[in-house]
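Below you'll find the structure, written out as structure tokens, and then a few comments.
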Amino acid sequence: MLYKELCEIYEELEKNPSRLAKTTILSNFLKKLKHEKNKEIIYLIQGKAFPDYSEKEFGISEQLCIKALSKASGISSKEIVNKWRKIGDLGKVAEEVMTKKKQNTLFSHKLTTEKVLDNLKKLPELIGKGTVDKKMSLISELLTSSSGIEAKYIIRILLSDLRIGVASGTIRDAIVESCLEKNEENTKAVQESYDKANDLALVFEKACKGIGSLNETELIPGHPLKVMLALKAESIQDGFERVGKPAVFEYKYDGFRMLINKDEKGKVKIFTRRLDEVTKQFPDVVKYIEENIDAKTFILDSEAVGYDPKTKRYKPFQDISQRIRRKYDIEKLEKELPVEINVFDVLYYNGKSLLNEPFQKRTELLRKIIKNKKYRIQSSHQLITDDEKKAEEFYKQALKDNQEGVMIKNLTAPYKPGARVGYMLKLKPAENEFDLVITGAEYGTGKRAGTLSSFTLSCYDKANDKFLEIGKASTGLKEKEEEGLSYTELTNLLKHLITHETGREVIVKPKIVVRIIYQNIQRSPTYESGFALRFPRITHLRPDRTPKDVATLKEVIEEYKRMELKIEY
DNA sequence: CGTGTCTGCCC
DNA sequence: ATTCTGC
DNA sequence: GCAGAATGGGCAGACACG
């Protein structure tokens with residue numbers, strides 16, 4: 001297939017905001033793709049070159065794309081970045097500069113999707129010295145044989161950011177529309193096949209053959225599975241209202257997700273939320289599993305949480321994050337930063353999928369098959385109740401134990417891989433807040449192109465009469481001006497305060513004060529104040545406050561200490 | 001061989 | 001992670 | 001209510017470069 005044909009589909013999809021329209025466009029394309037041998041083209045619709053379960057990486061992102069574009073077009077990197085600031089999309093920058101370039105050279109238009117896939121697939125294979133140069137040549141080869149539009153999407157795929165408003169949900173609907181009759185049963189069949197396979201090319205092939213083939217897709221222990229995600233609850237009461245009574249309450253641990261598998265051969269495999277395998281990083285966990293769970297095959301969902309080996313106090317996420325991508329000194333880390341596995345679900349057990357079993361059954365089974373060993377592996381702390389007071393107490397205890405809050409679950413719900421569902425809620429305590437002054441900003445990309453979109457925040461160091469950076473915030477502002485403090489409004493306020501511009505970043509005079517809410521304060525190696533905020537959000541302007549009225553460094557430090565000690569006021 | 005930059009992925 | 005928005 | 005997009009801190013590892 002000519003790459004040009006695919007790009008025309010991308011353009012159509014980008015132009016049409018309606019999901020129904022997108023589905024129709026895509027399904028028409030898929031009808032053509034049915035006759036193509038290479039179904040991998042569907043990965044290109046996802047903005048990738050590999051199925052979801054693949055751990056392959058391009059190793060290319062913004063900076064190398066800028067470099068590649070500069071090389072292919074003959075325009076300086078600085079100029080490319082300037083255009084990027086204005087246009088907010090490196091893909092569109094590529095379109096512009098390559099179109100200009102093309103006007104000056106003769107070129108024949110024969111780039112195929114196969115060639116694009118081919119070069120993309122070579123990127124993850126390159127390792128060692130000279131890698132970057134080799135990658136540059138592979139990209140340049142594609143860019144120089146591209147039209148403007150083709151260049152645009154080559155770059156966007158390299159950035160894994162297609163911006164055509166299409167993700168797996170829309171592709172799922174398009175697969176149904178192109179291969180089967182459009183109804184709930186078929187949509188469910190495609191979704192469930194995808195949940196188990198994590199490979200849309202494979203699902204598409206099966207869908208072409210019919211619903212029977214889709215339903216044959218098996219859940220296989222040892223193959224990664226997407227995890228189910230939670231929505232937010234506002235309170236215990238809200239939780240009860242939404243999941244019903246009685247409800248299941250469990251600790252929400254401040255660690256990271258682990259999908260633990262034991263396959264047919266008895267081999268334990270551990271996957272993260274994004275389907276990366278981390279078995280090698282956690283030999284301790286493998287041991288705990290082998291010693292404390294007696295079953296032939298299974299898939300468990302769990303949270304690994306770190307603790308201090310001496311004091312046995314739970315540690316914040318930041319500390320154990322060292323272990324996740326570790327390749328060296330694993331044994332040392334195993335001793336210094338042990339993890340406790342808190343298992344909260346079982347999705348497969350001794351040859352059978354439990355995805356459609358009610359949660360009550362799964363959690364009961366779970367408690368039978370795990371030998372609880374504190375500081376190693378255990379089923380997660382749980383309370384099943386219809387009593388709001390008891391639930392409140394449980395929640396408070398979770399916070400006292402240094403955890404983030406609680407999960408609230410419905411007893412009858414199935415397990416939906418990859419979905420964010422209303423029968424599994426998370427509840428965290430009210431947010432902390434600071435007033436901070438904006439001392440810098442960055443121009444946005446995509447739908448935020450042309451406006452400032454990320455804002456550098458500073459506190460005030462009274463002793464030295466200086467403003468010190470403590471992080472950046474972006475989310476919380478409105479897209480539309482009528483709705484409240486918007487990106488446009490804040491940009492207009494900051495525009496005449498700009499003192500320097502480099503690339504997409506600007507420095508502004510400390511003038512505008514905003515209210516920030518955040519979950520936690522952490523020590524920061526990045527920011528000059530030495531601290532950073534975890535999950536910061538902007539809520540509103542504080543026009544009544546002058547820059548020197550913002551949170552002081554001293555207050556930040558006090559707050560940090562207070563949080564560490566969990567003092568309640 | 002040490003350092004800085006970049007990427008990808010945890011939250 | 002959080003948040004906002006279009007459908 | 002779902003799906004999608006745009007953004008936060010910080011970690012390890014890989015590579016380039018001096």
Side-chain angles (χ1 to χ4, degrees), chain A residues 16-23 55-67 88 124 126-133 135 158-173 229-232 253-258 272-276 278 281 303-304 316-330 333 404 418-422 426 428 431 442 444-449 453-457 470-480 483-484 486-487 516-527 531-539:
Chain A
N16 285 286
S18 146
R19 256 199 87 198
L20 286 175
K22 284 182 199 287
T23 308
E55 297 184 47
K56 291 183 175 166
E57 297 167 348
F58 292 143
I60 297 211
S61 191
E62 290 166 349
Q63 300 309 317
L64 291 180
C65 276
I66 290 168
K67 204 172 154 190
L126 297 166
I127 43 163
K129 212 180 155 188
T131 293
V132 172
D133 281 340
K135 287 186 177 177
L158 287 169
L159 298 174
S160 309
D161 194 6
L162 226 34
R163 290 207 250 247
I164 55 175
V166 170
S168 65
T170 310
I171 301 179
R172 171 201 62 206
D173 294 349
L229 301 163
L231 286 167
K232 251 177 89 166
Y253 299 93
D254 186 17
F256 76 99
R257 205 80 178 254
M258 264 190 188
T272 65
R273 175 164 143 53
R274 296 282 289 271
L275 313 184
D276 276 342
V278 291
Q281 283 80 348
E303 188 85 5
F317 169 77
Q318 197 185 5
D319 292 357
I320 50 155
S321 71
Q322 292 178 55
R323 289 198 58 182
I324 302 170
R325 305 209 82 193
R326 202 83 190 191
K327 279 178 83 173
Y328 311 103
D329 291 330
I330 287 174
L333 263 285
E404 284 192 313
R420 203 172 278 284
V421 295
K426 52 182 164 184
K428 297 196 205 182
E431 308 291 344
E442 190 175 19
T445 65
K447 63 183 175 187
R448 310 249 175 89
S453 169
S454 162
F455 304 90
T456 306
L457 308 164
I470 188 173
K472 294 197 265 188
S474 169
T475 187
L477 297 183
K478 309 291 183 190
E479 307 285 345
K480 298 195 295 182
E483 301 292 329
S486 66
Y487 293 94
I516 301 294
I517 56 173
Y518 62 91
Q519 193 184 307
N520 259 321
I521 303 176
Q522 21 180 230
R523 284 229 130 83
S524 169
T526 316
Y527 292 106
F531 295 91
L533 307 177
R534 193 181 189 203
F535 310 144
R537 287 146 280 163
I538 303 171
T539 65

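Computed over heavy atoms, backbone and side chain alike; hydrogens, waters and symmetry mates excluded. Note on naming: letters A, B, ... go to the chains in the order of the sequence lines (proteins, then strands), and numbering restarts at 1 for each one.
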One should read off an interatomic distance between Tyr527(A) OH and Thr456(A) OG1, to the nearest 0.5 angstrom, of 6.5 Å

Evaluate the side chain to side chain contact (heavy atoms under 4.5 Å, CB included) criterion for residues Arg163(A) and Thr445(A): first the C-alpha distance (whole Å), next the side-chain angles of each, then the deciding distance (0.1 Å), finally the verdict. CA-CA 11 Å; Arg163(A) 290 207 250 247; Thr445(A) 65; 3.5 Å; yes

A correct 5'-to-3' footprint of nucleotides 11-18 of chain D, with B, S and - meaning base, sugar-phosphate only and no protein heavy atom under 4.0 Å, is SSSSSS--

- Message: Base, sugar-phosphate or nothing for Phe317(A)? Non-hydrogen atoms, less than 4.0 Å.
- Response: base

Tell me, do Arg273(A) and Leu229(A) make a side-chain contact under 4.5 Å, heavy atoms counted? yes

Check: So does Ser453(A) get a side-chain nitrogen or oxygen closer than 4.0 Å to the phosphate oxygens (OP1/OP2) of dT7(D)?
Finding: yes

Applying salt bridge (Lys or Arg N to Asp or Glu O under 4.0 Å) to Arg534(A) and not counting sequence neighbours gives Asp254(A), Glu404(A)

In whole angstroms, the gap separating C1' of dC2(D) from NZ of Lys232(A) amounts to 18 Å

In whole angstroms, the gap separating P of dG10(D) from CD1 of Ile320(A) amounts to 16 Å

In terms of heavy-atom contacts, Asp173(A) and Arg19(A) come closest through OD2-NH2, 2.9 Å

Q: Determine whether more than 12 heavy atoms belonging to other residues, nucleotides or ligands lie under 6.0 Å from atom CD1 of Ile330(A).
A: yes

Tell me whether the side-chain N/O atoms of Tyr527(A) come closer than 4.0 Å to OP1 or OP2 in dG9(D).
yes

Whole-Å distance, Leu159(A) CG to dA6(D) P, equals 12 Å

Any stem touching DNA chain B, meaning at least three consecutive Watson-Crick or G-U pairs under 3.5 Å, ordered by first number, would be B:1-11 with D:8-18

- prompt: Do Arg257(A) and Glu303(A) have side-chain heavy atoms sitting under 4.5 Å apart?
  reply: yes

Rounded to whole Å, CD1 of Ile538(A) lies from C1' of dT7(D) at a distance of 10 Å

Q.
Classify Leu333(A) by what it touches in the nucleic acid, base, sugar-phosphate, or nothing, heavy-atom distance under 4.0 Å.
A. nothing

(Q) I'd like to check Leu477(A) versus Phe455(A) (side-chain heavy atoms, cut-off strictly below 4.5 Å). Are they in contact? (A) yes

Residue set satisfying side-chain contact (heavy atoms from CB on, under 4.5 Å) with Glu442(A), at least two apart, ordered chain then number -> Ser454(A), Lys472(A), Arg504(A), Glu505(A)

Here the pair of heavy atoms bringing Ile538(A) nearest to Ala473(A) is CG1-CB, 3.7 Å

Does Ser474(A) put a side-chain nitrogen or oxygen below 4.0 Å from OP1 or OP2 of dA6(D)?
no

When we call it a touch if two heavy atoms are under 4.0 Å apart, what does Asp254(A) touch: a base, just sugar-phosphate, or nothing? nothing

Between Leu159(A) and Cys65(A), the two heavy atoms sitting closest are CD2-SG, 3.8 Å

Rounded to whole Å, the CG-C1' distance (Leu229(A) to dA3(D)) equals 13 Å

In the 5' to 3' direction, the nucleotides of DNA chain B bounding the stretch that comes under 4.0 Å of a heavy atom in chain A are dC6(B) to dC11(B)

note: Lys478(A), atom NZ; dA5(D), atom C1'; distance rounded to Å ~ 16 Å

From CD of Gln519(A) across to C1' of dG10(D) the rounded distance in Å is 15 Å

Val278(A) and Ile324(A) have their tightest heavy-atom pair at CG1-O, 3.8 Å

Exercise for the section: Report which part of the nucleic acid Lys56(A) touches: base, sugar-phosphate, or nothing (heavy-atom distance under 4.0 Å, all strands). Expected result: nothing

Taking the side chain from Tyr487(A) and the backbone from Ser474(A), do they hold a donor-acceptor pair closer than 3.5 Å? yes

Glu479(A) CD to dA6(D) C1', in whole Å, measures 8 Å

CD of Gln322(A) to CG of Asp329(A), rounded to nearest 0.5 Å, is 11.0 Å

On DNA chain C, more 5' by nearest nucleotide between Glu404(A) and Lys447(A) is Glu404(A)

Nearest-nucleotide check on DNA chain C, Phe535(A) vs Ser18(A); residue mapping nearer the 5' end is Phe535(A)

query = So, is Arg420(A) near the phosphate of dG1(D), with a side-chain N or O under 4.0 Å from OP1 or OP2?
reply = no

Exactly one candidate in Lys428(A), Glu431(A), Arg537(A) meets side-chain hydrogen bond (donor to acceptor under 3.5 Å, both in side chains) with Gln519(A); the answer is Lys428(A)

Footprint ends on DNA chain C, 5' to 3', for atoms under 4.0 angstrom from a heavy atom of chain A, come out as dA1(C) to dC7(C)

| field | Distance between P atoms of dC6(B) and dT3(C) (Å, rounded) | value | 30 Å

Self-check item: dG4(D) OP1/OP2 closer than 4.0 Å to side-chain N/O of Thr170(A)
Solution: yes

